[in-house]
Amino acid sequence: MASLLHLIRDPRDARALETAFAHNREGWDRVLVVLLHDAVIAGPHRLLGLPTRLGAEDCRARGIIPPEDAVDVRELVELCFAHDRVILW
């Protein structure tokens, strides 16, 4: 299988979360979730078992201190090119 990047913007989008978990179970080589926009408010604790990172600028815009592994815009672009598929929710 290939690598897959899920970019999730809405923390209430159950379909996005369910799909990311399903892809992880299906045995994709690498599944990564990046929470952007209002999804950073939900935080990665909601996605236990899935590699998850937060958008740094989105954290700051919502008064959240970005974690050390937060993704800036440059790194987000690099992640998009490093994965075989990108799904924007």
Side-chain angles (χ1 to χ4, degrees):
M1 287 248 165
S3 59
L4 183 60
L5 175 62
H6 287 271
L7 304 175
I8 300 177
R9 299 176 291 177
D10 184 350
R12 298 165 306 215
D13 190 343
R15 184 173 182 202
L17 300 175
E18 290 167 8
T19 303
F21 277 110
H23 285 148
N24 194 47
R25 284 190 308 271
E26 290 171 3
W28 285 75
D29 292 331
R30 188 174 44 151
V31 176
L32 175 63
V33 175
V34 177
L35 301 178
L36 302 169
H37 300 244
D38 286 341
V40 299
I41 296 168
H45 63 277
R46 205 170 156 202
L47 300 173
L48 293 175
L50 276 178
T52 305
R53 298 184 60 195
L54 303 177
E57 287 80 8
D58 295 309
C59 286
R60 287 188 204 97
R62 286 152 183 84
I64 300 169
I65 298 172
E68 283 186 34
D69 68 343
V71 178
D72 63 15
V73 173
R74 179 193 53 79
E75 189 174 5
L76 182 60
V77 171
E78 290 173 1
L79 287 171
C80 288
F81 283 102
H83 287 78
D84 297 306
R85 290 189 177 189
V86 178
I87 301 175
L88 177 63
W89 298 93

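Inter-residue side-chain proximity for L36 and L76 is flagged as met; some heavy-atom pair is nearer than 4.5 Å. A heavy-atom distance below 4.5 Å is not found between the side chains of P11 and I41.
A search for side-chain contact (heavy atoms from CB on, under 4.5 Å) contacts involving A82 returns nothing, not counting sequence neighbours. Partners of R60 by side-chain contact (heavy atoms from CB on, under 4.5 Å), not counting sequence neighbours, listed by chain and number: A56, E57, P66. By the salt bridge (Lys or Arg N to Asp or Glu O under 4.0 Å) test, R53 pairs with E75, sequence neighbours left out. Listed by chain and residue number, nothing satisfies the side-chain hydrogen bond (donor to acceptor under 3.5 Å, both in side chains) test with R25 (two or more places apart in sequence, or in another chain). Considering only residues two or more places apart in sequence or on other chains, H23 meets the side-chain hydrogen bond (donor to acceptor under 3.5 Å, both in side chains) condition with H6. Under the side-chain contact (heavy atoms from CB on, under 4.5 Å) criterion, L88 pairs with L7, R9, not counting sequence neighbours.
Taking all atoms of both residues into account, the shortest heavy-atom contact from C80 to V86 is O-CG2, 3.6 Å. Annotation for L50 and T52: closest pair O-OG1, 2.9 Å, computed over non-hydrogen atoms. Closest approach of A20 and V31 over heavy atoms only: O-CG1, 4.1 Å. The shortest non-hydrogen separation linking I8 to A39 is O-CB, 3.3 Å.
Interatomic distance, W89 CH2 to D13 CG, rounded to the nearest 0.5 Å: 6.5 Å. With values rounded to the nearest 0.5 angstrom, L79 atom CG is found 6.0 Å from L5 atom CG.
Within 6.0 Å of atom CZ in R62, more than 12 heavy atoms from other residues, nucleotides or ligands are found, so the atom counts as buried in its surroundings.
L54 and V33 fall within a single hydrophobic cluster, where Ile, Leu, Val, Met, Phe, Trp and Tyr are joined by side-chain heavy atoms under 4.5 Å apart, directly or via other members. Under a hydrophobic clustering in which Ile, Leu, Val, Met, Phe, Trp and Tyr are joined whenever their side-chain heavy atoms come within less than 4.5 Å, directly or via other members, I87 and L32 fall into different clusters.
Between the D29 side chain and the S3 main chain, no donor and acceptor come within less than 3.5 Å of each other.
Under a 4.0 Å N-O distance rule, the pair R12/D10 qualifies as a salt bridge.
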